[in-house]
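Notes to accompany the following structure.
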Amino acid sequence: MPAISYFHKKVSHTHFIRMPMHNSFASPTITRNLTLNNHRYLLSGLDLISLVEEFGAPLYVYDAATIKQQYERLTRAFSGLEHQIKYACKALTNITILRFLRSIGSGLDTVSINELRIGMRAGFDARDIVFTPNNVSFEEIQQAIELGAQLNLDNLPMLERLGQVYGSSVPVCIRINPHIMAGGNEKISTGHVNSKFGISITQLDEVVQVVQRYRLDVAGLHMHTGSEIVDTDIFLQGARILLDAGRQFPSLRFFDFGGGFKVPYSSGDTETNIEELGTRLTELCHEEMRHRGQPFYACFEPGKYLVSEAGLLLVKANVIKRTPATTFVGVDSGLNHLLRPMFYKAHHDITNLSNPYGVLQRYAVAGYICETDTFAWDRPLHEVRQGDILAFHNAGAYGIMMASNYNSRPRPAEVFLFDGKAYLIRRRETLDDILSTHIIPDICMETCTV
Ligand code: LLP
């Protein structure tokens, strides 16, 4: 497709920044607080290329203002309901980000004992943390109980074990699988009949039997049917099933409707209409409260919704390589830093920060890992030159958290933009970090001399 069609396709959604002297346009970006000022891209007022000069590339950058805007939009949407936001910290677990979220009123959703411990080190009260593990040992569950987190169990054997050991003394939330296919792709769909998550809604009778046998204190019911759920009808379908199931448990204090709200990944991309969802779910919950004759509160566990759009991954173009078929931009990053494009075929917008008004050309953007780690095929970008800095958008959620040391590459540094300043919140890894867990047994000291 020629470059001009790209303009036509995109112009209906967003505003281009026009530079009459070059008769050229800077492409729009999806990252909300990103502005283009005098050929320089600023995120919440801070110059991104200067950040790379100061902290190096590749670099994860997170914008506090975006996280706060998303948090406030969500709480506004659900303001008709007594509710708690439990940030799903698997999306981005940096301790400074957690402290920030705590400061604006969030609780936490955790999946492992270490996430729970990091949350507590960030200053969260254990009572504001829900522990939603899957396939962990009973010992790990016991550790979470000792720390005082809200337990959320998703299988019958562990529920039974909880009853045997603790009886009614530990309030428990139960994760129900409502058998709904929801979410952006099958890898991130968690509430369907073949999913490993939750207790099947068809096994509700067995849940009730275990609860009665041990007089369990069922504090809440939970569902999380997938990530990137656009359709409010699907969300409500799950909520109705959960509320209905709740009628079996008179002691319930809350319903946890999980996370999974979709954010846009490019201009004009779909997103959950969170205000519509808020209105409809509030109505549904009030109806159910009237039926129950007592109030309950709601919990939500957004990950992507709070942090995806707040993050950029900044990388450097090492090589521009033309083949008979393609022009590759080879960057100093790869599937070891941002796995989503390769693992889910996820689309991440890319901006050439160094050449905002360059002529648009089509590129494949590929990493430096010894795998086919292509971030994007056939992507229009403003002309990329060796040394240019590119930004991957929507890199705040499941970016660095899914990073690895593959090819013995260190993980990038992370920088947090807060109140007009940039703070290093995680240093770049070094070779020593990578080697720090390696052990050379004595026998090899003798035989494998270097
Ligand atoms: N609650 C539970 C129980 C979850 O398992 C998850 C995500 C969330 C909340 C938050 O979902 P979110 O609001 O972020 O969609 N790595 C994948 C996403 C996996 C989500 C796993 N569970 C990705 O990069 O798309």
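Whatever order the structure lists them in is the order used to number ligands and atoms, beginning at 1. The shown structure was predicted, so the numbers you read here are calculated from the model rather than taken from an experiment. Side-chain atoms are counted along with the backbone in the values below, which use heavy atoms only and exclude waters and symmetry mates.
- For ligand 1 and Asp109, the ligand atoms under 4.0 Å from any heavy atom of the residue are 1 (N), 2 (C), 9 (C).
- Residue, atom and distance of the protein heavy atom nearest to atom 8 (C) of ligand 1 are His224 CE1, 3.3 Å.
- Contact annotation: the side chain of Asp154 never approaches that of Thr132 to less than 4.5 Å [non-hydrogen atoms, C-beta and beyond].
- If you look at Thr190 next to ligand 1, there are no close heavy atoms at all, none under 4.0 Å.
- The heavy atom nearest to atom 24 (O) of ligand 1, considering only Lys262, Met223, Arg340, is found in Arg340.
- When Lys304, Glu228, Met402 are checked for heavy-atom proximity to atom 25 (O) of ligand 1, Lys304 turns out nearest.
- Judged as a ring-ring contact (aromatic ring centres under 6.0 Å, His included), and not counting sequence neighbours, the contacts of Phe255 are Phe296.
- Residue Ala91 has no nitrogen or oxygen atom sitting less than 3.5 Å from a nitrogen or oxygen atom of ligand 1, judged on distance alone.
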Distance-only check: which donor-acceptor pairs under 3.5 Å involve side-chain atoms of residues 223-231, not counting sequence neighbours?
| from | atom 1 | to | atom 2 | distance (Å) |
| --- | --- | --- | --- | --- |
| His224 | ND1 | Gly259 | N | 3.1 |
| Ser227 | OG | Lys304 | NZ | 2.9 |
| Glu228 | OE2 | Lys304 | NZ | 2.8 |
| Glu228 | OE2 | Arg340 | NH2 | 3.1 |
| Asp231 | OD1 | Asp233 | N | 2.9 |

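- For a threshold of 3.5 Å applied to N or O pairs, the pair formed by Gly260 and ligand 1 contains at least one separation below that value.
- Looking at Arg175 next to ligand 1, no N or O pair under 3.5 Å apart turns up.
- Note: Phe261 and Tyr305 have perpendicular aromatic rings, judged against thresholds of 30 and 60 degrees for the angle between ring planes.
- Remark: minimum distance from atom 15 (O) of ligand 1 to any protein heavy atom is reached at Ser227 OG, 2.4 Å.
- Cation-pi check for Arg409 over Tyr368 is met; the charged atom lies under 6.0 angstrom from the ring centroid and within 45 degrees of its normal.
- Remark: Arg411 does not engage Asp433 in a salt bridge, criterion side-chain N to carboxylate O under 4.0 Å.
- Protein heavy atom at the shortest distance from atom 17 (C) of ligand 1 is Tyr344 OH, 3.0 Å.
- Distances between N or O atoms of His222 and those of ligand 1 include no value under 3.5 Å.
- Of the possible donor and acceptor atoms, none in the side chain of Gln70 sits under 3.5 Å from a partner among the backbone N and O of Ser308.
- By the 4.0 Å heavy-atom criterion, Tyr305 is excluded from the residues contacting ligand 1.
- A distance below 6.0 Å separates the ring centres of Phe254 and Tyr297.
- With Tyr87 contributing its side chain and Leu92 its backbone, the two residues share a donor-acceptor pair below 3.5 Å.
- Remark: ligand 1 atoms within the under-4.0 Å shell around heavy atoms of Ala88 are 8 (C), 9 (C), 10 (C).
- Between the Thr110 side chain and the Val130 main chain, a donor and an acceptor come within less than 3.5 Å of each other.
- Contact between Pro302 and ligand 1 is present, with at least one heavy atom of the residue lying under 4.0 Å from the ligand.
- At least one heavy atom of Lys90 sits less than 4.0 Å from an atom of ligand 1.
- When hydrogens are left out, the protein atom nearest atom 9 (C) of ligand 1 is Glu301 O, 3.2 Å; that is the closest non-hydrogen contact.
- A centroid separation of less than 6.0 Å is found between the aromatic rings of Tyr265 and His348.
- Of all protein heavy atoms, the one closest to atom 20 (C) of ligand 1 is Tyr398 OH, 3.6 Å.
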